[in-house]
Number of protein chains: 2
Amino acid sequence: MPVTIYDVAREAGVSMATVSRVVNQNPNVKPTTRKKVLDAIERLGYRPNAVARGLASKKTTTVGVVIPDISGSFFAEVARGIEDIANMYNYNIILCNSDEQKEKELRLINTLLEKQVDGLLFMGNEVTEDHKEAFGTASVPIVLTATYDDENRWPSVNIDNKQAAVDATTLLLDEGHRHVALITGPLTHPVNGFPRYQGYREALEAKGVPFDEKYVRVGDYRYQSGMEAMRELLALDEPPTAVFAASDEMAVGVIHAVQDAGKRVPEDISVIGFDNINISSMVRPLLSTIAQPMYDIGAVSMRLLTKLMNKEEVEDPHVILQHELVLRQSTKTQAGE
Amino acid sequence: MPVTIYDVAREAGVSMATVSRVVNQNPNVKPTTRKKVLDAIERLGYRPNAVARGLASKKTTTVGVVIPDISGSFFAEVARGIEDIANMYNYNIILCNSDEQKEKELRLINTLLEKQVDGLLFMGNEVTEDHKEAFGTASVPIVLTATYDDENRWPSVNIDNKQAAVDATTLLLDEGHRHVALITGPLTHPVNGFPRYQGYREALEAKGVPFDEKYVRVGDYRYQSGMEAMRELLALDEPPTAVFAASDEMAVGVIHAVQDAGKRVPEDISVIGFDNINISSMVRPLLSTIAQPMYDIGAVSMRLLTKLMNKEEVEDPHVILQHELVLRQSTKTQAGE
DNA sequence: CTGTTAGCGCGTTCAA
DNA sequence: TTGAACGCGCTAACAG
């Protein structure tokens with residue numbers, strides 16, 4: 001039923017090799033025959049079969065993307081960066097949600113490899129030994145997006161999470177606060193969890209402010225957890241006067257908890273978030289935050305992968321993108337200061 | 001380099017046909033030889049080549065998804081529904097952003113078809129004649145997600161947008177408001193734009209409230225446009241006392257414009273949104289809205305597609321999912337009333 | 001500049 | 001229960 005390259009060849013009165021040449025933009029074809037072929041293609045409505053092409057050429061122009069959850073603002077933005085660059089270089093992406101479940105991640109990696117993707121982008125909180133083993137069976141390049149492995153065996157794209165946390169905490173400290181709380185993500189996450197906690201402590205130490213465990217709460221990056229954590233903090237004998245939340249969603253939860261308690265941000269309590277997802281400029285007061293270049297994290301990862309797939313020389317395969325302190329209205333220090 | 005089915009066959013001392021059978025769970029294999037094969041697979045680390053399989057079987061267990069912009073909350077949620085069900089039925093998805101650009105949409109549809117996807121999910125504001133022509137060249141099933149064609153030639157999954165707008169407007173009218181404004185999306189969008197405008201007018205008419213053009217503003221569904229539209233509305237001689245925004249983002253913009261003007265929601269002005277994206281429960285006051293079952297729209301679309309791909313009988317290929325009025329705090333009418 | 005000929009790795013008859 | 005052989009649609013030498 002479907003028209004093949006043979007049908008086109010017959011229709012145009014040439015060999016299939018010639019048809020293949022014109023389809024693949026091979027310059028070694030006489031203009032007149034090229035036209036004959038093009039006409040035949042048009043007439044028959046020929047559509048090249050990419051699967052057959054993939055089998056013969058061993059290239060699928062498709063890359064696999066393992067992502068925790070596409071419905072989250074952060075990942076959705078990263079995914080957009082990935083897809084834009086992929087599209088730019090004529091690749092398509094197979095998108096898979098992992099929910100950060102290790103077994104599912106491993107299964108997806110395997111499925112993607114079976115599908116002969118030309119490369120793989122992996123995002124996830126932790127790269128375990130099992131992950132490394134799975135990566136090891138791949139014969140195509142892999143880039144770790146917003147994560148990395150402890151040995152730096154695979155190329156990766158990240159921001160400096162610890163330094164970002166230092167910056168956020170220091171800003172609060174510089175405003176004069178001495179009771180600065182941290183609402184972090186799970187400390188068991190070696191990439192995005194623990195380093196921010198480390199940065200918080202380092203900043204405290206650098207300023208000579210004693211660390212106090214009671215000012216640390218662990219959330220899950222979601223709004224609710226931020227709000228609940230802040231309620232607890234507010235119930236302390238000596239509540240914090242500033243809060244650093246490891247995600248914008250939690251930071252917004254913090255702001256609302258503060259407001260619900262009849263206090264004001266930033267007059268009574270300063271709040272700074274992390275990520276700079278679009279919601280941070282859709283709340284009152286506008287949220288001050290550590291901006292991660294989410295789109296770029298995706299875009300740079302994909303660009304790096306294209307180079308790797310193309311066997312190009314790549315200077316440094318471990319990219320650290322710059323984060324940025326975005327001062328809006330939830331901290332006393334605001335833009336321009 | 002990569003190990004093929006032949007290598008496994010040799011290693012196990014059987015023919016490749018037998019290996020194929022055990023890999024594909026064909027029961028006609030003696031248990032002992034099955035074990036021999038399984039061992040050989042394990043020993044060699046054999047990974048079936050899905051591309052070769054796809055060429056031979058004419059099935060790729062991959063579906064194409066054309067979506068306007070994965071970084072938007074609405075679409076990200078729909079995409080999640082799609083991917084979950086796809087995963088459940090052992091399909092993978094190739095995700096493509098179209099930015100609602102017609103040429104890009106047509107190109108993507110073609111690319112996806114070249115890649116021999118087993119089915120296609122299309123989302124976009126409008127299904128033009130060119131789209132229909134492109135769909136017509138497909139030999140695999142296509143489902144229109146959150147959109148439809150004017151002839152209902154293709155299966156689709158939607159909500160009743162007009163009725164949803166009637167419900168939202170009527171709620172506001174029932175609160176006693178007589179100056180109800182509408183901030184809609186582009187009226188040129190036949191699926192999600194115009195019908196909501198129609199519903200607004202119908203509700204007005206049903207309650208005998210005269211339609212007044214000055215209370216209608218066109219936005220682009222984004223926060224900024226909602227905020228700006230509200231500023232204009234506020235500048236009217238007789239500002240509206242209630243606003244129906246065709247998206248939650250715009251509704252939040254409306255709330256902030258109202259607050260910035262020193263007025264209160266809902267005491268001075270009632271606001272209702274559309275979609276029920278997660279941000280609607282992350283603002284103060286909590287946003288009342290028309291909830292669209294975003295995840296289900298994606299999930300049901302994908303489920304429908306699996307049936308179609310499987311050539312199963314499907315009762316009604318034009319699914320209308322229920323929307324829901326979610327009353328929170330931005331309207332006077334609140335939960336329980 | 002063009003055609004012939006092998007594969008690519010696997011599913012699937014058809015016989016045995 | 002198993003194997004031999006063909007073909008899926010195309011790319012890539014190689015020859016001419």
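All heavy atoms count here, side chains included; hydrogens, waters and symmetry mates do not. Reminder, nothing fancy here: chain letters follow the sequence lines and each chain counts from 1.
For the pair A:N28 CG and D:dG16 C1', the computed distance is 15 Å after rounding to whole Å. Rounding to whole angstrom units, CD1 of residue B:I5 and C1' of D:dA5 are separated by 14 Å.
Taking 4.5 Å as the limit, every side-chain heavy atom of A:S20 sits out of range of all side-chain heavy atoms of A:V23. Two residues are said to be in side-chain contact when any heavy atoms from C-beta on lie closer than 4.5 Å; A:C96 and A:L112 meet this criterion. Side-chain contact between A:E11 and A:V3 is absent, with no heavy atoms from C-beta onward closer than 4.5 Å.
In summary, B:D39 and B:K36 do not engage in a salt bridge, as defined by a charged side-chain N under 4.0 Å from a carboxylate O. A salt bridge links B:R80 to A:D99: one of the charged nitrogens lies within less than 4.0 Å of a carboxylate oxygen.
Legend: residues meeting salt bridge (Lys or Arg N to Asp or Glu O under 4.0 Å) with B:R107, ordered by chain and number and at least two apart, are absent. For the salt bridge (Lys or Arg N to Asp or Glu O under 4.0 Å) test, no residue two or more places apart in sequence or in another chain qualifies with A:K58. Shown here are the salt bridge (Lys or Arg N to Asp or Glu O under 4.0 Å) partners of A:K132, two or more places apart in sequence or in another chain: A:E129, A:D150, A:E151. The salt bridge (Lys or Arg N to Asp or Glu O under 4.0 Å) test applied to B:R303 returns no partner, not counting sequence neighbours.
Within residues 6-19 of chain B, the residues having any heavy atom closer than 4.0 Å to DNA chain C are, in order of number, B:Y6, B:M16, B:A17. Annotation: proximity of residues 30-51 of chain B to DNA chain C (heavy atom, distance under 4.0 Å) is found for B:Y46, B:P48, B:N49, numbered in ascending order. Annotation: proximity of residues 56-64 of chain B to DNA chain D (heavy atom, distance under 4.0 Å) is found for B:A56, B:K58, numbered in ascending order. Of the residues in residues 106-116 of chain B, none lies under 4.0 Å from DNA chain D by heavy-atom distance.
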Exercise answer: donor-acceptor pairs, residues 48-55 of chain A side-chain atoms, under 3.5 Å, sequence neighbours excluded:
residue: A:N49; atom: OD1; partner: A:V51; partner atom: N; Å: 2.7
residue: A:N49; atom: OD1; partner: A:A52; partner atom: N; Å: 3.0

List the steps, then state whether side-chain hydrogen bond (donor to acceptor under 3.5 Å, both in side chains) holds for B:Y295 with B:D84. CA-CA 9 Å; B:Y295 182 92; B:D84 276 2; 2.5 Å; yes
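Using modelled atom types and a 3.5 Å distance limit, the side chains of B:N28 and B:R21 yield no donor-acceptor pair. Under the 3.5 Å distance criterion, with hydrogens and angles disregarded, no donor-acceptor pair is assigned to the side chains of A:K115 and A:T62. Neither side chain, B:N192 nor B:Y221, offers a donor N or O lying under 3.5 Å from an acceptor on the other.
Within the structure, every side-chain polar atom (N or O) of A:R53 is placed at least 4.0 Å from both OP1 and OP2 of D:dG9. Using a 4.0 Å cut-off, some side-chain N or O of A:S20 falls inside it from OP1 or OP2 of D:dT11.
Summary for the helix from C:dC1-D:dG16 to C:dA16-D:dT1: the axes at its two ends, each from 5 pairs, differ by 30° when rounded to the nearest 10 degrees.
Heavy atoms from other residues, nucleotides or ligands lying under 6.0 Å from CD of A:E315 number more than 12. The number of heavy-atom neighbours closer than 6.0 Å to NZ of B:K59, taken from other residues, nucleotides and ligands shown, is 12 or below. Atom CD of A:E42 has 12 or fewer neighbouring heavy atoms from other residues, nucleotides or ligands inside a 6.0 Å radius.
Where DNA chain C meets chain A (any atom under 4.0 Å from a heavy atom), the bounding nucleotides read 5' to 3' are C:dC1 to C:dG9.
Residues B:V3 and A:P27 each lie close to DNA chain C; by heavy-atom proximity, the contact nearer the 5' end of the strand is made by A:P27.
Listed by first and then second residue, the ring-ring contact (aromatic ring centres under 6.0 Å, His included) pairs involving residues 128-153 of chain A are A:F122-A:H131, A:F122-A:F135, A:F135-A:W154 (not counting sequence neighbours).
At the heavy-atom level, A:T4 lies under 4.0 Å from the strands shown only through sugar-phosphate atoms.
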